[in-house]
Amino acid sequence: MKNKNAIIGAAFLMATSAIGPGFLTQTTVFTQQLTASFGFVILLSILLDIGTQLNIWRVVSVSRKPAQDLANELLPGLGYLLAFLIVIGGLAFNIGNVAGAGLGFEVLFGIDVKIGAIISSAIAIGIFSSKEAGKAMDNFAKILGFLMIILILYVVFVSHPPIFDAIQRTIIPQKFDALATVTLVGGTVGGYITFAGVHRLIDAGISGEENLPQINRSATTGILVTAVVRYLLFLASLGVVVAGYTLTKENPPASVFQSAAGEIGYKIFGVVIWCAAITSVVGAAYTSVSFLRTFHPNFEKYNRQIIIGFIIFSTIIFIFVGKPVKTLVFVGTLNGFILPIALSIMLVASRKSRLVGNYKHSLFLQIIGWLVVAIMSGMVIYGLLPH
C-alpha cells in the first residue's frame with residue numbers, strides 16, 4: 001500500500017508540477033492562435049512527452065541514482081551543468097508559480113496579489129515543515145490535481161466547445177506551430193518537471209530493474225493526467241474563442257473561465273490557478289533542490305531547510321520584480337531548450353553497463369528518445385529563426 005501511494009503520488013507530483021500558471025496561460029494563448037488545430041499540437045506533445053518520460057524515468061530508476069549523480073559518473077562535471085540548468089529553470093518557473101498562487105488569492109478573496117503570494121508560500125512551507133513531508137506532498141498533489149480536473153470539466157460543459165471539430169483537427173490540423181509544440185513539451189517534461197516524479201520514487205526507495213513495471217505505470221499516469229487537464233482546458237478555451245469572445249492579454253485563462261461561466265467561472269478560475277500554482281511551487285522547490293542534495297553532506301542534512309529557502313527566495317523575487325504573462329510562456333520554451341540536453345545525457349548513460357549494470361534499455365525507447373532529441377532540437381532552432 002505504501003508503494004502504491006508513493007507511485008501514484010510521484011505521478012501526480014510530476015503532473016501538478018507541470019500544471020502551473022504557465023501551463024494555463026500557454027494553453028489558452030495557443031488555443032486563441034491555432035483554434036481547433038491546437039488539438040494536434042497537444043496530441044504530438046503527448047507522444048513526445050511519453051517517449052521522453054519513459055526514457056528518463058527508466059534509466060534514472062535502474063541506476064538507483066539521482067540524475068545529477070548519473071550525469072557526473074557519465075562525464076565528470078556534467079552533473080553540475082545539468083543541476084545548474086535545472087535549478088535556474090526551476091527558479092524561473094517558481095517565481096511564476098508564486099505569482100499564480102497570489103493571483104488565485106486575489107480572485108477568490110480580493111486581497112493584494114503579493115499578500116496572497118506570501119500566504120500561499122507559507123502553506124507550501126508548512127508541507128515541508130511536516131515530519132512526513134513526502135507523504136504530505138503526495139496527498140496534496142493528488143487532492144488538488146483531482147479538484148482541478150473536476151472544475152475545468154464543469155467549465156468545458158458550460159462553454160459548449162465544438163467537440164467534433166476539435167477531435168477532427170486533433171487528427172488532421174489546418175495549421176501547425178513548431179514553437180507551440182516546443183513550449184508545450186518544455187512545459188510538461190522540460191527542465192525539472194520530468195525529474196520530479198522519478199526523484200520522488202528514489203526517495204521512497206522504489207528503484208531498480210525489479211520495479212520497472214511500477215515505474216512505467218507511474219511515468220505514463222503522470223503524462224496522462226497532464227494530457228487530460230491540457231485537453232479539457234483547450235476545449236473550454238475553444239468554446240469561448242469560437243463564441244467570439246476576446247481573451248485579455250493580461251490574463252488569458254481568467255478570460256476563458258469568466259466568459260464561459262460569468263462570476264462563478266471567475267471564482268472557479270481563482271481556485272484552479274491557486275491549485276495549479278501551489279502544487280507547482282511544491283514540485284519545483286522539491287525537485288530543484290533534489291539536484292543539489294548529493295553534492296555535499298550539508299545539502300542532504302539541511303534538505304528541507306534549503307527547500308523552504310528556495311520557496312522564500314522565489315517569493316521575494318516575485319514581490320520585487322513581478323511576473324508578466326509573456327515570461328510564463330518564455331519559461332516553458334526555455335525548458336524546451338534544456339530538454340534535449342537532459343534527455344541526451346540519460347540516453348548515453350543507458351548504454352553504459354558501469355552505470356546501469358546488466359539492464360538492457362529498450363531499443364524502441366532509445367529510437368524514440370533520440371527522435372525526441374532531434375525533433376526538439378530542430379524545433380528549437382526553427383522557433384528561433386525569423387519568420
Among residues at least two apart in sequence or on other chains, which ones pass side chain to side chain contact (heavy atoms under 4.5 Å, CB included) with [X]?
{"X": "L224", "value": "none"}
{"X": "K65", "value": "S63, D69, E73"}
{"X": "A180", "value": "F30, L34, V41, D177"}

Mind jotting down which residue pairs meet the salt bridge (charged side-chain N to carboxylate O under 4.0 Å, His left out) criterion with at least one end in residues 123-140? Sequence neighbours excluded, please.
-> D138-R200

Flag yes if more than 12 heavy atoms outside [X] fall under 6.0 Å of its [atom1] atom; otherwise flag no.
{"X": "F176", "atom1": "CZ", "value": "yes"}
{"X": "Y302", "atom1": "OH", "value": "no"}
{"X": "I264", "atom1": "CD1", "value": "no"}

Between atom [atom1] of [X] and atom [atom2] of [Y], what is the distance when rounded to the nearest 0.5 Å?
{"X": "I338", "Y": "L343", "atom1": "CD1", "atom2": "CG", "value": "13.5 Å"}
{"X": "R64", "Y": "S207", "atom1": "CZ", "atom2": "OG", "value": "4.5 Å"}
{"X": "F128", "Y": "M137", "atom1": "CZ", "atom2": "CE", "value": "5.5 Å"}
{"X": "L212", "Y": "I206", "atom1": "CG", "atom2": "CD1", "value": "12.5 Å"}
{"X": "Q32", "Y": "L238", "atom1": "CD", "atom2": "CG", "value": "11.5 Å"}
{"X": "I367", "Y": "L347", "atom1": "CD1", "atom2": "CG", "value": "11.5 Å"}

Quick check on the hydrophobic clustering: are [X] and [Y] connected, directly or via other members, by side-chain heavy-atom contacts under 4.5 Å?
{"X": "L365", "Y": "L363", "result": "no"}
{"X": "L24", "Y": "I150", "result": "no"}
{"X": "I341", "Y": "F291", "result": "yes"}
{"X": "L44", "Y": "L235", "result": "yes"}
{"X": "I119", "Y": "I125", "result": "yes"}

Close side-chain approach of [X] to [Y], heavy-atom, < 4.5 Å:
{"X": "P252", "Y": "V256", "value": "no"}
{"X": "V185", "Y": "V189", "value": "yes"}
{"X": "F320", "Y": "T315", "value": "no"}
{"X": "S121", "Y": "I312", "value": "no"}
{"X": "I118", "Y": "V98", "value": "no"}
{"X": "L201", "Y": "I215", "value": "yes"}
{"X": "Y359", "Y": "R58", "value": "yes"}
{"X": "L144", "Y": "W274", "value": "yes"}

Those residues that, when tested against T27, pass side chain to side chain donor-acceptor pair (under 3.5 Å) (two or more places apart) | R230

Can you name the residues that form a side chain to side chain donor-acceptor pair (under 3.5 Å) with S259, not counting sequence neighbours?
-> none

Quick one: sort the [X] and [Y] rings into parallel, tilted or perpendicular, breaks at 30° and 60°.
{"X": "F299", "Y": "H296", "answer": "perpendicular"}
{"X": "Y80", "Y": "F295", "answer": "tilted"}
{"X": "F146", "Y": "F12", "answer": "tilted"}

Check for a donor-acceptor pair, side chain of [X] on one end and backbone N or O of [Y] on the other, with a separation under 3.5 Å.
{"X": "T287", "Y": "A284", "result": "no"}
{"X": "N94", "Y": "G90", "result": "no"}
{"X": "R304", "Y": "S130", "result": "yes"}
{"X": "S314", "Y": "I95", "result": "no"}
{"X": "S377", "Y": "A374", "result": "no"}
{"X": "Q214", "Y": "I7", "result": "no"}

Quiz question: by atom type and distance under 3.5 Å, do the side chains of [X] and [Y] form a donor-acceptor pair?
{"X": "T194", "Y": "Q53", "result": "yes"}
{"X": "S218", "Y": "W57", "result": "no"}
{"X": "H199", "Y": "S290", "result": "yes"}
{"X": "T181", "Y": "S45", "result": "no"}
{"X": "Q68", "Y": "T294", "result": "yes"}
{"X": "D203", "Y": "Y286", "result": "yes"}

Which atom of [X] lies closest to which atom of [Y], heavy atoms considered:
{"X": "N97", "Y": "G20", "answer": "OD1-CA, 4.4 Å"}
{"X": "P66", "Y": "I202", "answer": "N-CD1, 4.1 Å"}
{"X": "Y192", "Y": "S280", "answer": "OH-O, 4.0 Å"}
{"X": "T188", "Y": "I193", "answer": "O-CG2, 3.0 Å"}
{"X": "T16", "Y": "G145", "answer": "CG2-CA, 4.1 Å"}
{"X": "G283", "Y": "S17", "answer": "CA-OG, 3.3 Å"}

Apply side chain to side chain donor-acceptor pair (under 3.5 Å) to the pair T248 and S255, showing each step before the final yes or no.
-> CA-CA 6 Å; T248 63; S255 299; 2.9 Å; yes

Is the distance between the ring centroids of F234 and Y231 under 6.0 Å?
-> yes

Derivation and outcome, side chain to side chain contact (heavy atoms under 4.5 Å, CB included), residues T35 and V242 | CA-CA 8 Å; T35 62; V242 169; 5.8 Å; no

Trace of the side chain to side chain contact (heavy atoms under 4.5 Å, CB included) decision for I273 with V107 = CA-CA 10 Å; I273 196 167; V107 170; 5.7 Å; no

Evaluate the criterion side chain to side chain contact (heavy atoms under 4.5 Å, CB included) for residue pair E106 and I111; output intermediate values, then yes/no.
-> CA-CA 5 Å; E106 182 188 48; I111 62 176; 5.6 Å; no

Chi angles and distances behind the side chain to side chain contact (heavy atoms under 4.5 Å, CB included) call for L91, F313 = CA-CA 9 Å; L91 180 63; F313 184 59; 3.7 Å; yes

